[in-house]
Amino acid sequence: MPPGPFGPSDTLKAAASMRGKLIGTAVQTSLLGGAPYGTVLTREFNYLTAEYEMKWNVVEPGRGSMNFGPGDAIVGYAASNGMQVKGHTLIWHGAVPSWLDGLPAGDLRTEFERHIRDVMAHYRGRVHAWDVVNEAVADNGAGLRDTLFRQRLGDQYIADAFRLARAADAQALLFYNDYGGEGLSAKADRIHALLQDLLSKGVPLDGVGLQMHISATSRPSTASIADNVRRLAALGLIVHISEMDVRINNAFGTDQERLEAQRSAYRDVVGVCVMEPRCDAVTFWGFTDAHTWLTGDRPLLFDAQYQPKPAFYGVLDALSGR
Ligand code: XIL
């Protein structure tokens with residue numbers, strides 16, 4: 001049971017605002033507006049990320065043919081509901097359109113520059129922060145992921161992307177976003193070193209997103225996440241928890257125990273952000289188990305009937321300092 005008492009004013013948005021944090025979720029254009037999805041979305045959240053509508057294969061399905069409609073719908077919805085938007089994502093090895101894949105290096109360079117310039121220009125003034133580069137570090141932390149951008153543009157594609165991004169939109173906050181480096185680990189060390197190196201070269205970088213796709217029973221310790229968040233903040237970066245969800249289907253115990261473990265995970269991680277002044281946003285990768293990329297699991301704050309789960313109260317507790 002929730003520790004309560006909880007009233008109608010106990011929304012995530014109200015509690016997060018008291019802490020000076022944005023509270024966000026990934027959304028899908030096709031779900032916006034209607035009840036119950038829109039009802040819960042506008043009641044609880046003030047920060048939206050497109051789950052896929054701003055990825056390269058959606059915004060430019062054919063070379064030079066732009067498709068901003070789905071992303072525009074999210075930006076318009078956010079504006080009419082007093083929400084901010086995080087752009088996701090400009091340079092990523094996923095969601096690469098097939099036409100881009102086959103280009104020789106010179107053409108790829110041209111398209112890389114044009115993509116950052118055109119997409120950021122389109123959303124200038126309406127998108128508060130961008131994930132400029134996503135998931136550029138290799139899973140074992142040994143070095144950079146060997147993406148088509150690295151292969152054809154060289155390691156400096158990361159620095160180049162941030163410089164192009166700043167030139168395209170001087171106002172937007174520029175983020176590096178990744179997974180698997182939430183707690184201290186070889187990969188987290190590599191991400192830290194990469195960002196430190198970029199900053200030392202004067203590359204315009206404002207923040208780092210820790211995706212936080214975790215599992216209730218195998219997750220980095222809270223202390224380890226806190227240490228990592230602190231050392232990233234110490235670089236002068238803003239830190240976001242950027243794509244949080246918590247799998248429970250592989251957890252032990254009864255259903256109630258699984259939901260309880262999930263609640264603790266949410267409370268602990270959001271609690272780390274609450275404790276760190278430079279952590280100014282937490283975004284979940286969806287909010288209802290009815291719509292999650294982790295099909296078959298129940299990783300989010302509301303169940304498939306849009307009722308708050310223990311996880312929801314875990315987040316509310318963390319934001320309220322309980
Ligand atoms: C995922 C979406 O949730 C899926 O719908 C899509 O099929 C693949 O991408 N890291 C990221 C996100 O940065 O963009 C990914 O989103 C999840 C992992």
Side-chain angles (χ1 to χ4, degrees), residues 24-32 37 41 45 47-61 67 70-71 73-75 85-98 100-101 115-116 119 123 127 129-139 141 144-145 147-150 158 161-162 165 173-183 185 187-188 190-191 194-195 205 207-215 219-220 239-247 249 269 281-302 304:
T25 176
V27 293
Q28 296 173 26
T29 304
S30 61
L31 301 171
L32 293 176
Y37 188 93
L41 179 60
F45 300 97
Y47 198 29
L48 303 186
T49 305
E51 186 166 349
Y52 50 77
E53 289 83 345
M54 295 186 187
K55 291 172 179 172
W56 199 331
N57 61 358
V58 179
V59 297
E60 197 176 359
N67 169 41
I74 293 172
V75 170
V85 176
K86 187 168 197 187
H88 175 82
T89 174
L90 293 166
I91 300 301
W92 183 35
H93 65 279
V96 163
S98 48
L100 188 72
D101 226 354
H115 176 66
I116 294 172
V119 176
Y123 287 113
V127 163
W130 272 100
D131 287 331
V132 177
V133 177
N134 195 30
E135 303 179 351
V137 169
D139 283 335
L144 294 181
R145 185 186 296 276
T147 68
L148 90 149
F149 302 109
R150 182 185 187 216
I158 299 173
F162 282 98
L173 296 169
L174 308 181
F175 276 72
Y176 176 79
N177 193 53
D178 213 332
Y179 68 86
E182 285 82 7
S185 67
K187 183 164 176 177
R190 189 67 193 82
I191 292 170
L194 169 69
L195 303 184
L205 167 72
V208 54
L210 304 177
Q211 291 186 9
M212 207 64 71
H213 296 291
I214 58 175
S215 149
R219 57 178 167 117
V239 182
H240 284 179
I241 307 300
S242 59
E243 306 186 9
M244 185 169 183
D245 48 26
V246 181
R247 294 184 302 280
N249 273 9
V269 170
V282 177
T283 289
F284 307 105
W285 210 237
F287 60 92
T288 164
D289 290 340
H291 299 287
T292 163
W293 70 311
L294 302 170
T295 43
D297 211 308
R298 294 169 293 158
L300 296 169
L301 303 185
F302 292 83

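Numbering of residues begins at 1 and proceeds along the displayed sequence. In listed order, ligands and their atoms are each counted from 1. Values below: all heavy atoms of this structure, side chains included; hydrogens, waters and symmetry mates excluded. None of the values given here were measured: they were computed from a predicted structure.
Checking only distances, E135 does come within under 3.5 Å of ligand 1, N or O to N or O. For ligand 1, none of its N or O atoms has an N or O atom of W293 under 3.5 Å away.
Under a 4.0 Å heavy-atom criterion, Y179 is not in contact with ligand 1.
Contacts of T89 with ligand 1, taken as heavy-atom pairs under 4.0 Å, are absent altogether.
Atoms of ligand 1 found under 4.0 Å from any heavy atom of H88 (numbered from 1 in listed order, with element): 11 (C), 12 (C), 13 (O), 14 (O). Atom numbering of ligand 1 starts at 1 in the shown order; those under 4.0 Å from a heavy atom of N134 are 11 (C), 13 (O). Within the listing of ligand 1, atoms 2 (C), 3 (O), 4 (C), 5 (O) sit less than 4.0 angstrom from a heavy atom of E51.
The side chain to side chain contact (heavy atoms under 4.5 Å, CB included) check on A304 picks up A290, with sequence neighbours excluded. Under the side chain to side chain contact (heavy atoms under 4.5 Å, CB included) criterion, A161 pairs with I91, F112, I116, V132, V133, not counting sequence neighbours.
Nearest non-hydrogen protein atom to atom 15 (C) of ligand 1 is K55 NZ, 3.8 Å. Scanning the protein for heavy atoms near atom 18 (C) of ligand 1, the closest one is E243 OE1, 3.5 Å.
To the nearest 0.5 Å, the span separating OG on S242 from OH on Y179 amounts to 13.0 Å.
Scanning all heavy atoms of the two residues, the minimum distance from R150 to R145 falls at CD-O, 3.4 Å.
V59 places a side-chain heavy atom less than 4.5 Å from the side chain of H115.
Checking D131 against W92 by side-chain atom types alone, no donor-acceptor pair falls below 3.5 Å.
Between Y37 and F287, the ring planes lie tilted relative to each other; the angle falls in the 30° to 60° range.
Per-atom contact check: atom 7 (O) of ligand 1 does not touch the protein, criterion being a heavy-atom distance below 4.0 Å.
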